[in-house]
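Heads up: the structure comes next, in structure tokens.
In what follows, chains are A, B, ... by sequence order, proteins preceding strands, each numbered from 1. Keep in mind that this is a model prediction, so the values were computed, not measured.
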There are 2 protein chains.
Amino acid sequence: MDIESIIDSISKLPEASRTKIIENTVPVTYPKGHILIHADTLETSVYFIKKGIVRAYVNHEGNDITFWFGTAGETIISMKSYVENKRGIESIELLEDCELYRLQTTKLQQLYLQDIHIANWGRKFAEQNLKTTEERLISSQFRTAKQRYRELLKNTPHLIQRVQLGHIASYLGITQVSLSRIRAEIK
Amino acid sequence: MDIESIIDSISKLPEASRTKIIENTVPVTYPKGHILIHADTLETSVYFIKKGIVRAYVNHEGNDITFWFGTAGETIISMKSYVENKRGIESIELLEDCELYRLQTTKLQQLYLQDIHIANWGRKFAEQNLKTTEERLISSQFRTAKQRYRELLKNTPHLIQRVQLGHIASYLGITQVSLSRIRAEIK
DNA sequence: TATTATTTTTTACAAATGATAAAAACGACA
DNA sequence: TGTCGTTTTTATCATTTGTAAAAAATAATA
């Protein structure tokens, strides 16, 4: 997915404003397995995914807990770095070879203060993610692991094909053993 | 909490911009038990809480699932109405007599397009909520109910005093019986 | 292809949580 | 204060999920 489409998919921008963002992006590629963002560091860039798939995870008592998958067209941020300019708690790992666009956060923040269209575009970005995240939170509050897995199969079937099940399990908040049981039962 | 402080607590605004928002707010009061926002309707206002406490909940198979508590200084929105101008999935119930400030969403949207400071203020509002919500999601993914209850006790002790335990239980994603067990065990 | 490493499934048992019903505690109010 | 309705706790049993270890399947590499 090219950078113009990614930016406009968040919210349609006037040509001039969109160009201001694009001028500041740099295409980068990294191989599968690369750790793009490290937990406990201040991340100074955001990334748009042109191609590939990534996961965000936190480490908890030696285990990785995956809480987000990003695919083509989506935006990678280190939440605390982006929102509060503090060290983030999550790491980002590339699950496939990826093509990304890098954009420096400081530059983006400048544009937010200079261009009202970009400010509203940034607002839309946060709002859309907020809605999605809240829906996931609510869903996790009353659906069983089996229901959540079914939901995932239905909404993002491509994910299960491309991502190993251990990551899916932790994304669902259950163990791999438990997911395996659910899969056996459903078939 | 007065309206000036509430607005500035999200992000400090220039006097003129803040005034533009405040001019469009109307103080309203409702009694405990009032349903401020109804699920499955398009909500045309947002509310700032001057005084009182509210809960946001969705209905699932006859049971209320509380997913958010709002107290003085916080902002009440119907997420889908606010972000997508569609009917919301949640209801808002006042758990105490409340004093609120009402602001029409259409007016706020106009201000977003007219005033870059307000646009960035709205961005900050969404970003802060996004960060908080994501943290809650991550926490729920690997903490047990007992740990989440302890966390709640520690972070918002006043909540447990003022809100009935059935609401707390559903907020934690467990049954009231299960919460009661946890409480008995902890003491 | 053969070998090795990684991922997924299976098994057995333990712990946590859910469902249901009843008892106890609490609060509102006549 | 006494009564009634609501909330919280307790008890019992069923179900789900976790833990640990091993087997099976799959993927990576020489």
Carboxylate-amine/guanidinium contact [X] [Y], below 4.0 Å:
{"X": "B/Lys80", "Y": "B/Glu43", "answer": "no"}
{"X": "A/Asp115", "Y": "A/Lys20", "answer": "yes"}
{"X": "A/Arg55", "Y": "A/Glu93", "answer": "yes"}

Inset, instruction - Taking only the side-chain nitrogens and oxygens of B/Ser178, find out if one of them lies under 4.0 Å from OP1 or OP2 of C/dG18. - result: yes
Could you tell me how far apart [X] ([atom1]) and [N] ([atom2]) are, to the nearest whole angstrom?
{"X": "B/Arg183", "N": "C/dC26", "atom1": "CZ", "atom2": "C1'", "answer": "13 Å"}
{"X": "B/Gln176", "N": "C/dG18", "atom1": "CD", "atom2": "P", "answer": "12 Å"}
{"X": "A/Gln164", "N": "C/dT6", "atom1": "CD", "atom2": "P", "answer": "11 Å"}
{"X": "A/Arg150", "N": "D/dT16", "atom1": "CZ", "atom2": "P", "answer": "12 Å"}
{"X": "B/Arg143", "N": "C/dT17", "atom1": "CZ", "atom2": "P", "answer": "14 Å"}
{"X": "A/Asn63", "N": "D/dG18", "atom1": "CG", "atom2": "P", "answer": "12 Å"}
{"X": "A/Arg181", "N": "D/dA20", "atom1": "CZ", "atom2": "C1'", "answer": "12 Å"}
{"X": "B/Gln141", "N": "D/dG18", "atom1": "CD", "atom2": "P", "answer": "12 Å"}

Ignoring the backbone of [X], work out which of [options] is nearest its side chain.
{"X": "B/Leu165", "options": "D/dT8, C/dT9, C/dG18", "answer": "D/dT8"}
{"X": "A/Thr175", "options": "D/dT19, C/dT9, D/dT17", "answer": "D/dT19"}
{"X": "A/Val177", "options": "C/dT17, C/dA19, D/dT19", "answer": "D/dT19"}

Legend entry - Most 5' of B/Val163 and A/Thr144 on DNA chain D, judged by nearest nucleotide: B/Val163
Inset, instruction - Measure the shortest side-chain to side-chain distance between A/Gln128 and A/Lys124 over non-hydrogen atoms and say whether it is less than 4.5 angstrom. - result: yes
